[in-house]
Chemist: 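I'd like to ask you about the structure that follows.
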2 protein chains.
Amino acid sequence: MARTKRVDGFRAPKPTIVDVARHAGVSAATVSYVLNGRFSQVSEKTIDKVRLAVADLGYVKNLTASALSGRRSNLIGVLLPDVLGADSRNEQAELNPFYGEFIFLLEAEARARGYALCLYAGRQKDAVEFLLQRHLEAAALIGFCPPDLQMLLDRKGMTLVVYDSFRAHEGVRFVRTDEERGGALAAEHLLSRGRRKPLFLGGYMAEFPDHPPAYRFRGARKVFEQAGLSMEVLEGPTSYSAGFEAAETAVQLGIDCVVAAADIIAAGLMEGLRQKGRRVPDDVAVTGYDNIPISRHIRPQLTTVDQRLPEKAAALMASIEEEDAGELVVLEPRLVVRQSS
Amino acid sequence: MARTKRVDGFRAPKPTIVDVARHAGVSAATVSYVLNGRFSQVSEKTIDKVRLAVADLGYVKNLTASALSGRRSNLIGVLLPDVLGADSRNEQAELNPFYGEFIFLLEAEARARGYALCLYAGRQKDAVEFLLQRHLEAAALIGFCPPDLQMLLDRKGMTLVVYDSFRAHEGVRFVRTDEERGGALAAEHLLSRGRRKPLFLGGYMAEFPDHPPAYRFRGARKVFEQAGLSMEVLEGPTSYSAGFEAAETAVQLGIDCVVAAADIIAAGLMEGLRQKGRRVPDDVAVTGYDNIPISRHIRPQLTTVDQRLPEKAAALMASIEEEDAGELVVLEPRLVVRQSS
DNA sequence: CTGAAAGCGCTTACAG
DNA sequence: CTGAAAGCGCTTACAG
């Protein structure tokens, strides 16, 4: 709208509600009622007149005005981690494929409910301003760990749903998978395959005991401990190269199975093991986590724990929309057995 | 904003420009001038007073109101293909990792210029309504081939930038890579490696002569023809499984190199070839297209053509923002030689 | 069932 | 340099 453009034909000015009202021979208020489905207040005949006028004029409601006049904006803010920026811990600046997939899932859920998504992936300190400025109805925090963002927004009355986080705050909603159960699932599976010398690979358990990898780790450890076994640990970032480089240590440790904190790590590890002449799963059984597409593509195909992304996207939107949604939705992860174990 | 929530403390009402004005002892108009950097119209002393009041009150401008009152919305619509929906031709419903990466790049570019992104990935027929409703300043079309969308929006005065498309429309801007050159790059490389029996794999050249794969195909064919060689063709969707299944035909054809229309196809092909006992690159040299992360991860690492995504994201935003941006920005692709060739 | 009017929070000519 | 006023396009009590 900012820029005027040379137009060969005539520029159709966007009709407003007043134009529709005039065209239909009614008041703007009446048009508004029809538009918003307040049919109890309008006669059938009037409804038809308005609808005809809307069609005739090609009227499209201006949601900006609608939002300003006190109604809902139908916009949901999605706060994403600053993967491209300096905040990121990922030295490769390589994107977890998970995000793209999740954004599409979320968008579809939002659209089905009449919302649109507004993205923000900048620095956390500027996130509040973003959310407050845009008249957003709610915010979904993905991979975001804002220290006081949640309280700040709560004071402004904005609904917040935090995805895949464990930090508990008053009045904030959570959607996540039972990560500990996921780790346990992987461990139980490896045990059932007769593995006895496990290694957990990836994540920063000491530094971020609140992040998913730490939960996966604890879930796996508990299972092995109950079987009288202890699990080695190798911390590291969530990247292919981290997994690749870990192959050497894995070999030195003489382990016979690996619970990787993410598929991408497992993929790197398997290639590293292959180059060292170790066979998967014969010498080392490997499980990943996330069930990203790559896990089906590499050979051997990766056994992994499915995050249930579609269900989580749906739960997230439901949690945003429903007044009485619970404070916490926890979905059960699912083991996907393939060739690597 | 839609929902009222129980708040333990008091709910801080968002201060408005009037509150700031009152606090600073000036008029709302003056506050607006300061907020918008119209400093020539305000004395230094007043500017300070206003700024102080803004800080005191924690004022954040309501961009919805700002947009409505005739100014820019600072919102850009991003139209994505309906990969999850019925429109999609991708039977696996598997997301091209390209999109996630591109969205992040675009968001960063947009943010740096003061815009936010608003996503839409629904049916094409509803896209116009989406764009018109939200008071968007411009739209970026990614993988979208709207028949008359462009003209429709042009009549409404909305800036459009079409990404990776070749359809020429009056007054629409394009950003893309020189796909024909990319195909040529791959072919020249394979020729220089002594390959003489090429196959082009993927895309629907007859059905969609306007889509990138068709251009890549023609670029590659031209190079081989000039060397006196003819190129086999195998059309198909852009998916791992399509590549995997093509391995059989590739072997039957007795070709010694493959120009794949996408990395994901090449990845599937290489695994298929491996299972048939063919070695890459010894028996068959393979090139992909896109340079997605997976191309570095599979073994042998895939030789591919880089799309120059970051540059394209920047060019797209520049094209949206700059009044006098050209109608067409074409970036040169780049060959990335790895192990598969 | 329908409409006149005020208001959402900002911006922008227009006066002064 | 500063402010009063109208307006952006919609919604919502409030009358009738």
Side-chain angles (χ1 to χ4, degrees), chain A residues 1-2 13-51 53-54 57-75 132-137 156-157, chain B residues 1-2 13-51 53-54 57-75 132-137 156-157:
Chain A
M1 309 300 184
K14 272 176 74 173
T16 72
I17 199 172
V18 175
D19 298 323
V20 175
R22 190 156 27 210
H23 196 89
V26 300
S27 77
T30 301
V31 176
S32 179
Y33 292 142
V34 175
L35 256 31
N36 294 310
R38 291 213 194 304
F39 298 138
S40 59
Q41 304 182 45
V42 192
S43 74
E44 199 125 331
K45 212 177 116 200
T46 306
I47 294 179
D48 285 343
K49 279 196 297 185
V50 170
R51 286 201 169 132
V54 165
L57 268 41
Y59 170 77
V60 177
K61 195 201 280 188
N62 180 335
L63 257 34
T64 298
S66 181
L68 181 59
S69 71
R71 275 185 70 73
R72 315 166 46 191
S73 69
N74 287 303
L75 270 181
L132 259 27
Q133 272 183 154
R134 302 251 172 214
H135 205 288
L136 304 173
E137 280 189 41
K156 303 283 180 182
Chain B
M1 306 302 187
K14 271 177 77 172
T16 72
I17 199 171
V18 174
D19 298 324
V20 175
R22 191 157 25 212
H23 195 89
V26 299
S27 76
T30 301
V31 175
S32 178
Y33 291 143
V34 174
L35 254 32
N36 294 309
R38 292 213 194 304
F39 299 137
S40 59
Q41 304 183 44
V42 192
S43 75
E44 199 124 332
K45 213 176 113 199
T46 305
I47 295 178
D48 286 344
K49 278 196 297 186
V50 171
R51 287 201 168 132
V54 165
L57 268 41
Y59 170 77
V60 177
K61 195 201 281 188
N62 180 334
L63 255 35
T64 297
S66 183
L68 182 59
S69 70
R71 277 184 69 73
R72 315 167 47 192
S73 70
N74 287 303
L75 270 180
L132 258 27
Q133 273 183 155
R134 302 254 172 212
H135 206 286
L136 304 172
E137 281 189 40
K156 303 282 180 182

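Computation of the quantities below employed the complete heavy-atom set of this structure, encompassing side-chain atoms and omitting hydrogens, waters and symmetry-equivalent molecules. Here is how names work: the chains are called A, B, and so on, in the same order as the sequence lines, proteins then strands, and each is numbered from 1.
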Chemist: Rounding to a whole Å, what distance do you find between B:Asn36:CG and C:dT11:P?
Modeler: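 Distance, rounded to whole Å: 4 Å.
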Chemist: Without swapping roles, check the side chain of A:Thr64 against the backbone of B:Ala67 for a donor-acceptor pair under 3.5 Å.
Modeler: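 Pair absent, no side-chain N/O of A:Thr64 close to backbone of B:Ala67.
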Chemist: Rounding to a whole Å, what distance do you find between B:Leu68:CG and C:dT11:C1'?
Modeler: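 Between C1' of C:dT11 and CG of B:Leu68: 10 Å.
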Chemist: Got a donor-acceptor contact below 3.5 angstrom from the B:Gln133 side chain to the A:Lys61 backbone?
Modeler: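 No: the side chain of B:Gln133 does not pair with the backbone of A:Lys61.
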Chemist: Whole Å only: how far is the CG atom of A:Asp19 from the P atom of D:dC10?
Modeler: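 It is 9 Å, rounded to the nearest whole Å.
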Chemist: Going by salt bridge (Lys or Arg N to Asp or Glu O under 4.0 Å), name the residues that satisfy it together with B:Arg22, two or more places apart in sequence or in a different chain.
Modeler: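 Testing B:Arg22 for salt bridge (Lys or Arg N to Asp or Glu O under 4.0 Å), a comparison that skips the adjacent residues, returns B:Asp19.
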Chemist: Using a cutoff of under 3.5 Å, can you pull out all pairs of nitrogen or oxygen atoms linking the protein to nucleotides 2-4 of chain D, with atom names and distances?
Modeler:
from, atom 1, to, atom 2, distance (Å)
D:dT2, OP1, B:Ser43, OG, 3.3
D:dT2, OP1, B:Thr46, OG1, 2.5
D:dT2, OP2, B:Ser43, N, 2.9
D:dT2, OP2, B:Ser43, OG, 3.3
D:dT2, OP2, B:Thr46, OG1, 2.8
D:dG3, OP2, B:Ser27, N, 2.9
D:dG3, OP2, B:Ser27, OG, 3.3
D:dG3, OP2, B:Thr30, OG1, 2.9
D:dG3, O6, B:Tyr33, OH, 3.3

Chemist: When the distance from CG of A:Leu63 to C1' of D:dC8 is rounded to whole Å, what number comes out?
Modeler: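 It is 15 Å, rounded to the nearest whole Å.
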Chemist: In this structure, how many angstroms lie between the P atom of C:dG9 and the CZ atom of B:Arg22, rounded?
Modeler: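 Result: 12 Å.
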Chemist: How close or far is atom P of D:dG7 from atom CD1 of B:Ile17, stated in whole angstroms?
Modeler: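 Those two atoms, CD1 and P, are 19 Å apart.
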Chemist: Taking both distances under 3.5 Å as the test for a Watson-Crick or G-U pair, what stems of at least three pairs does DNA chain D have?
Modeler: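 The stems that DNA chain D takes part in, listed by first number, are C:1-3 with D:14-16, C:5-12 with D:5-12, C:14-16 with D:1-3.
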Chemist: I need the CG-C1' distance between A:Asn62 and D:dG9, as an integer number of Å.
Modeler: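 So the two atoms are 6 Å apart, to the nearest Å.
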